[in-house]
Amino acid sequence: MKVTFWLLDINYEVKDHSPEVWLWGIEEEGRRILLVDRRFRPYFYLVLKEGAESEAVKGEIDRMRQDLPLIENLEPASMKFFGRPVQAIRVTCGDPDLLARYADKLGKLTGVEASLEGDIRFSMRYLIDNGIMPCGWHEVEAEEVTDDSVKQIEKVCIVDSPPRPVERPQPPSFRILGFTLTPYGRMGTPKPDSDPVVIISAATNEGDEVQFAAEGENDAPLIENFNEFVRGFDPDIIVGYGSNQGHWPYLLARAGKHDIKLSVDRAGGEPHTSVYGHVSVTGRANIDLYDFADEFQDVKVKTLENIADFLGVMKLGDRTIIEDVDVPSYWEEKNRRPILLKFGRENLRSIMGVADAALDFAFQLSSLVGLPVDHIGTAAAGFRVDWFLIRQAHGVGELIPGRREQPYFPYEGGLVLTPKPGMHENVAALDFKSMYPSIMIAKNISPDTYVPPQEDVPPSKVNVAPEVGHRFRKEPPGFYKEVLTRLIRTRDEVRKRMRTLEPGSFEYRLLDARQRAVKVITNATYGYAGWLGARWYLKPVAEATAAWGRETIRNTMEMARQIGLEVIYGDTDSIFIVYDPEKVEALSKKVQEEIGLEMKPDKIYTRILFTEAKKRYCGLLPDGRLDIVGLEVIRGDWANAAKGVQETVLGILLRERSPEKAAEFVRGYVSGLRERKVPYRDLIIWKTLTKPIDEYKVKAAHVEAAKILKERGWGLTIGDKVGFVITKGSGKLYEKAKPYNFATYDDIDLDYYVENQVKPAALRILEQFGVTENDLVPN
DNA sequence: GCCTGATTTCTACCA
DNA sequence: ACTGGTAGAAATCAGGCG
């Protein structure tokens with residue numbers, strides 16, 4: 001019987017050294033289905049040394065068979081490795097969990113140059129070899145069977161033939177569950193060992209909203225209730241915020257305390273932490289929206305409430321925020337408990353709203369890269385590119401390189417010009433359309449086209465990178481060139497189709513998510529090529545790309561000058577020039593003809609202000625908005641007081657061109673600040689802990705604040721943002737830093753905020769106009 | 001021991 | 001746990017000072 005399904009999750013089981021692949025999906029008719037494939041075997045490749053005989057190596061392997069009894073098959077294979085044809089033996093081994101060990105052992109044989117692909121996880125192997133994409137539709141021949149095990153699924157089938165992808169206009173309708181916990185700890189950050197969960201809030205995309213409350217401090221019943229609720233609703237997708245590192249592990253630990261099995265998956269098991277640190281709920285897609293918070297670059301402190309506020313899902317002004325440590329005071333008081341429950345519901349609504357904004361992208365990224373949607377969020381950018389490339393390589397018979405330990409040597413990157421300081425009228429920022437990918441395509445830069453220095457190749461056959469001298473064959477097209485060309489073409493096609501659709505329509509949204517996913521992978525490829533962890537790492541690739549980039553921007557500036565355009569600034573792939581439409585048009589044309597890359601105006605500024613610093617400027621756009629780049633205003637580690645003042649100063653200067661008025665404003669603000677009129681929250685400074693507290697070499701304000709938090713029971717880890725204020729006292733700054741929630745307005749060192757926050761931020765700009773520190777002293 | 005300028009450490013940004 | 005280039009604050013070091 002033919003089954004059409006949308007792939008939600010995949011896992012595998014090993015029974016008596018024999019693997020089964022389980023594909024969890026949703027049928028077109030909406031039934032939830034499990035497809036079991038018992039026909040697939042894991043394997044790896046042994047690449048033979050030059051001149052080594054396949055039969056001889058087979059003989060070597062045969063002599064080891066008693067040690068490696070699960071070898072099922074040895075098959076010669078003609079493959080490519082970095083574009084070079086190689087002879088290999090494909091070794092099939094029955095048990096996927098032993099594959100890596102077998103691959104290592106056989107890699108040491110005399111006739112073997114390399115053992116490859118033994119590190120590809122079995123479920124990924126299955127997807128790749130069959131061309132199956134998570135979050136996509138497939139057809140398969142399968143027989144329905146009756147399944148009497150504990151699986152929570154409507155239909156179980158045994159697969160007869162490999163599934164193949166098919167096109168369908170839209171995904172099935174999902175059942176989505178959102179959840180959040182309220183843990184209760186009287187000693188700082190709650191610890192699952194001692195502190196119960198007092199509320200579990202859950203909602204479904206069908207409009208149900210429930211809250212389970214603990215009985216006193218006994219959370220056993222609410223865990224049971226949650227268990228039941230999840231099973232009853234049977235979600236396809238589970239969303240949370242911070243659920244991978246926070247809620248799931250906490251809930252599991254609490255369930256463990258009570259000997260309750262948290263059986264919320266579809267296979268009768270429990271959630272478990274798996275690759276890249278995601279929590280896997282078998283048969284469902286567990287998605288932690290926090291893993292997609294990076295998509296919202298404008299939000300500096302990535303809390304759920306800030307992201308929900310940014311998206312307009314739930315405004316900060318309209319909601320309650322209760323810190324973990326304050327939970328007891330709400331929970332214990334009868335009349336305050338409803339506020340705590342309300343806080344839970346608000347978080348839940350935020351989660352559902354953020355899910356609405358982020359899930360399309362997650363699905364598209366998953367189906368582009370080929371990683372299951374529950375892994376894709378936790379996989380770092382480098383691994384996303386890695387898996388994308390693995391798919392592409394497999395498609396063209398390329399062997400997948402392993403990761404290798406290697407030393408790090410830095411190389412020179414993009415070119416940054418010193419700006420012409422001051423105010424400029426009518427300036428255009430021109431930039432190259434995906435410069436690095438375009439260069440990699442144009443120069444055929446790739447690990448497989450690289451010609452090492454000792455190799456003799458006629459100069460006419462290679463492109464030679466400026467400054468660094470690396471050579472790349474012009475033909476045939478390299479791996480990166482092929483891949484990037486396809487990506488760019490795909491994105492162009494998607495965007496073309498979008499233009500025929502109503503923005504806001506279902507398909508438009510889907511395609512927009514698609515093109516964003518393609519863009520993310522395209523833009524990460526250059527950085528990936530220079531990343532030590534990349535399977536296709538080759539320093540000369542990244543180094544040559546950057547060198548050609550510098551040459552490109554230098555040549556472009558020279559052309560601009562020849563045409564009579566004044567260059568004010570430039571950074572990596574952009575130049576800022578005084579705008580003259582005709583000359584700019586001429587420049588684009590010339591660049592296209594002589595360099596072969598596409599360059600166009602990105603933004604036109606009515607007026608733009610540079611200081612002498614690179615990477616920091618502010619422009620006024622025709623619609624009246626300020627475009628602020630690099631300055632304190634858009635940094636997350638300055639007090640709002642300073643950021644706000646700087647933004648206002650920029651506004652006055654660029655819109656009204658009045659340094660006097662700006663200085664007057666600053667004086668007024670400083671007076672107000674000294675009179676304690678600035679809200680406390682505008683004095684908080686946020687900084688990230690980038691390493692464990694005891695690894696810091698110098699004493700720093702945010703680290704000292706973090707230590708205080710830790711003493712009081714806060715659990716802080718790498719990546720956490722610490723909010724602190726500077727309090728009165730003597731000595732070093734770090735001695736005066738206190739967590740914002742452990743200080744009051746009376747403790748604040750207002751002088752610090754005037755002298756080290758507001759004034760420097762304002763003067764950074766106002767100095768350009770001859771305004772001095774004295775001019776900012778209130779009369 | 002204190003002052004000062006140079007250097008290091010740290011974070012967050014730009015492309 | 002994608003790259004290098006950069007600004008800026010604060011801590012810390014190193015040397016001058018009889």
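All values below were derived from every heavy atom in this structure, side-chain atoms included, with hydrogens, water molecules and symmetry-related copies excluded. Chain letters run A, B, ... following the sequence lines, proteins first and then strands; every chain starts at 1.
Across all strands, Lys691(A) comes closer than 4.0 Å only to sugar-phosphate atoms, never to a base (heavy-atom distances). Residue-level contact check: Gly413(A) touches the backbone only, with heavy atoms under 4.0 Å from sugar-phosphate atoms and none from bases. Across all strands, Trp638(A) comes closer than 4.0 Å only to sugar-phosphate atoms, never to a base (heavy-atom distances). Residue Tyr569(A) is classed as having no contact, given no heavy-atom separation below 4.0 Å to the nucleic acid. Note on Asn756(A): only backbone sugar-phosphate atoms sit closer than 4.0 angstrom, heavy atoms only; bases stay farther off. Residue contacts for Ala524(A): at a heavy-atom cut-off of 4.0 Å it reaches a base atom on one of the strands shown. Among the protein residues, Tyr436(A) comes within range of no part of the nucleic acid, since none of its heavy atoms lies under 4.0 Å from any strand.
Side-chain proximity of Pro760(A) to dC2(C), dA9(C), dC10(B): nearest is dA9(C).
At least one side-chain nitrogen or oxygen of Thr690(A) sits closer than 4.0 Å to the OP1 or OP2 atom of dT11(B). Arg764(A) has a side-chain polar atom (N or O) that falls below the 4.0 Å cut-off from OP1 or OP2 of dA9(C). Using a 4.0 Å cut-off, no side-chain N or O of Lys732(A) falls inside it from OP1 or OP2 of dT12(C). For Arg550(A), no side-chain nitrogen or oxygen approaches OP1 or OP2 of dG5(C) to under 4.0 Å.
Rounded to an integer number of Å, the gap from Glu695(A) CD to dT8(B) C1' is 18 Å.
Using a 4.0 Å cut-off between charged nitrogen and carboxylate oxygen, Glu558(A) and Arg561(A) count as a salt-bridge pair.
Each of Leu415(A) and Asn523(A) was assigned the nucleotide of DNA chain C with the nearest heavy atom; the assignment lying further toward the 5' end belongs to Asn523(A).
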